[in-house]
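Chain naming here is simple, since letters A, B, ... match the order of the sequence lines and numbering starts at 1 in each.
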There are 2 protein chains.
Amino acid sequence: MAQNKHTTAVIFNTLRDRICLLDYPPGTVLREAALAKEFGISRTPIRAVLQRLEHGALVAVRDGVGTIVTDLDSTELKDIYEMRQKMAELIGVLSPREITYADEQAAIDLLGRAKRLVKDYSASEYWQINHAQHALIADLIGNAVLRETWDQLYYRSARFWYREASHAPEGVAGDLVAELSEVVRALHKRDAVAVGYTQRNFIAYGFAKLQAALSPDQPIS
Amino acid sequence: MAQNKHTTAVIFNTLRDRICLLDYPPGTVLREAALAKEFGISRTPIRAVLQRLEHGALVAVRDGVGTIVTDLDSTELKDIYEMRQKMAELIGVLSPREITYADEQAAIDLLGRAKRLVKDYSASEYWQINHAQHALIADLIGNAVLRETWDQLYYRSARFWYREASHAPEGVAGDLVAELSEVVRALHKRDAVAVGYTQRNFIAYGFAKLQAALSPDQPIS
DNA sequence: TTTTGAATAGGTGCATACAGCAAGATCAGG
DNA sequence: CCTGATCTTGCTGTATGCACCTATTCAAAA
């Protein structure tokens with residue numbers, strides 16, 4: 001019955017992905033007992049995982065009710081996206097690590113996958129490329145504190161972007177190709193500042209797309 | 001035996017203050033059973049509090065050993081301080097709330113307390129003024145995400161600054177007067193950007209002081 | 001004397017029973 | 001029929017016993 005720390009990490013990632021991929025849409029009520037039964041463990045480690053998710057602002061635990069997947073109003077979404085843009089601008093400023101040939105190659109691989117995605121779209125593949133691009137860029141960040149914040153904000157906003165991408169999948173694959181093309185160019189020039197500003201720009205473009213699809217002052221779902 | 005959510009929040013603040021005020025210096029081993037006995041509750045809610053502290057990077061829970069108060073090497077300290085400076089620069093940029101006469105008066109009160117502190121120094125009073133100034137400025141931040149990050153980084157770095165202030169108390173009271181004077185000036189002009197830049201500057205001054213007192217690449221304690 | 005191994009003590013991680021809380025269901029009264 | 005208080009159900013919060021992990025100690029062998 002012993003569950004090591006790795007097991008709880010797997011459960012955390014599983015639940016986080018389910019929330020980000022809208023398997024658990026905002027407002028969903030999660031029950032500790034049900035999750036415990038599903039993963040074959042007791043409520044205690046499940047509660048620890050839910051507390052971590054709550055700290056990441058993905059869920060809210062309410063006594064006597066359950067653990068509710070959070071939603072965002074337009075103000076909160078704006079705050080997150082504005083912050084993400086500012087964090088992107090810092091990527092190349094706060095002592096980034098040196099860009100290598102391997103980084104460039106990894107981005108070129110992702111670009112190839114994105115190009116194939118234009119002809120043959122798949123939501124799952126889109127998401128995986130997005131994730132990989134995020135991990136690639138996060139790894140360039142030298143400042144550990146910035147990297148943590150960058151990571152948290154990515155997961156905090158991912159599902160709302162994923163939702164928009166699901167609703168209008170025609171353009172997003174092409175946009176991803178454009179974004180990765182710029183990332184490849186910046187990496188080829190070994191210019192971390194350019195990588196950061198590219199990220200800032202496409203985060204801003206994405207936010208504009210989200211706002212256009214959103215009636216003002218209305219909850220998202 | 002029922003302990004409401006307020007009680008755990010009190011315990012969290014208590015332990016956080018003990019860590020920040022170096023009642024628990026870095027390396028201290030906290031035991032769940034001992035804390036549970038002290039606060040008259042069981043280990044379960046204590047564990048939840050420690051998990052929150054761990055997420056704030058103030059402690060590290062190690063299986064079979066205990067909960068250890070963290071230390072920082074010079075790289076981590078640099079990362080935190082660089083990030084704090086950048087966050088300060090954003091205070092006036094990311095839609096701050098409007099500055100009121102009450103804000104200015106609160107800062108003037110703090111300035112008066114700081115001036116009295118120069119003649120009659122007290123570590124506890126110094127800390128309380130510092131805390132109040134932080135709360136005052138955090139309250140000006142309009143972007144909720146930035147405010148959370150600002151808050152977390154403050155508590156994450158506070159004890160190392162507090163340690164330096166305890167070692168060399170002669171200058172810090174005067175520096176606090178200078179800082180609050182600038183804050184009052186910025187608030188009087190209703191200039192949130194100026195408030196942010198003032199914070200950036202004094203964070204940078206403080207970091208320089210810390211670095212001067214620190215031998216390079218050595219742990220702090 | 002040094003080194004290595006097991007035994008031991010004390011800690012966290014987990015499972016589970018019970019207490020307290022919140023929301024909906026139910027029933028009495030108007 | 002409608003309204004409001006009460007009851008019921010099911011959830012999270014807490015306490016506690018046990019399993020497992022870690023560091024230390026001590027003894028035995030080289």
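No donor-acceptor pair closer than 3.5 Å links the side chain of Arg43(A) to the backbone N or O of Glu32(A). A donor-acceptor pair is defined here as one N or O able to donate and one able to accept, closer than 3.5 Å; such a pair exists between the side chain of Asp79(B) and the backbone of Ala144(A). Formation of a donor-acceptor pair under 3.5 Å by the Thr70(B) side chain with backbone atoms of Ala57(B) is found in this model.
The residue among Glu32(B) and Thr44(B) whose nearest nucleotide of DNA chain C lies closer to the 5′ end is Glu32(B).
Overall bending of the helix from dT1(C)-dA30(D) to dG30(C)-dC1(D), expressed as the angle between end axes built from five pairs apiece, is 0° (10° steps).
The interatomic distance linking Ile46(B) (CD1) with dA15(D) (C1') rounds to 13 Å, in whole Å. The separation between Ile11(B) atom CD1 and dT14(D) atom C1' is 12 Å, rounded to whole Å. Between the CD atom of Glu54(B) and the C1' atom of dG13(C) there is a distance of 13 Å, rounded to whole Å. Rounded to whole Å, the distance from CG on Leu50(B) to P on dG11(C) is 14 Å. Phe39(A) has its CZ atom 14 Å from the P atom of dC14(C), to the nearest Å. Atom CZ in Arg52(A) sits roughly 13 Å away from atom P in dG13(C) (whole-Å rounding). Remark: C1' of dG10(D) and CG of Leu30(A) are 16 Å apart, rounded to the nearest angstrom. Gln51(B) has its CD atom 12 Å from the C1' atom of dT12(C), to the nearest Å.
OP1 and OP2 of dG10(C) both lie 4.0 Å or more from every side-chain N or O belonging to Arg31(B). For dA15(C), the OP1/OP2 oxygens have a side-chain nitrogen or oxygen of Ser42(A) closer than 4.0 Å.
With dT12(C), dA15(C), dT12(D) as the choices, the nucleotide that has an atom nearest any side-chain atom of Arg43(B) turns out to be dT12(C).
The 12-atom threshold is not exceeded at CZ of Arg62(A), counting heavy atoms of other residues, nucleotides or ligands nearer than 6.0 Å.
Using bins of under 30°, 30° to 60° and over 60° for the plane-to-plane angle, the ring pair Tyr126(A)/Tyr121(A) lands in the tilted bin. A perpendicular orientation is assigned to the rings of Phe202(A) and Tyr205(A), their planes being inclined by more than 60° (bins at 30° and 60°). Ring orientation note: the planes of Trp150(B) and His134(B) are close to parallel, at an angle under 30° on the 30°/60° scale.
Ring centers of Tyr162(B) and His167(B): at least 6.0 Å apart, outside the cut-off.
Across residues 62-69 of chain A, Arg62(A), Asp63(A), Gly64(A), Val65(A), Gly66(A), Thr67(A) each have a non-hydrogen atom less than 4.0 Å from an atom of DNA chain D (numbered order).
Among the heavy atoms of the strands, none lies under 4.0 Å from Val29(A).
The side-chain tip of Arg84(B) does not point at the ring of Tyr154(B) from less than 6.0 angstrom away and within 45° of straight on.
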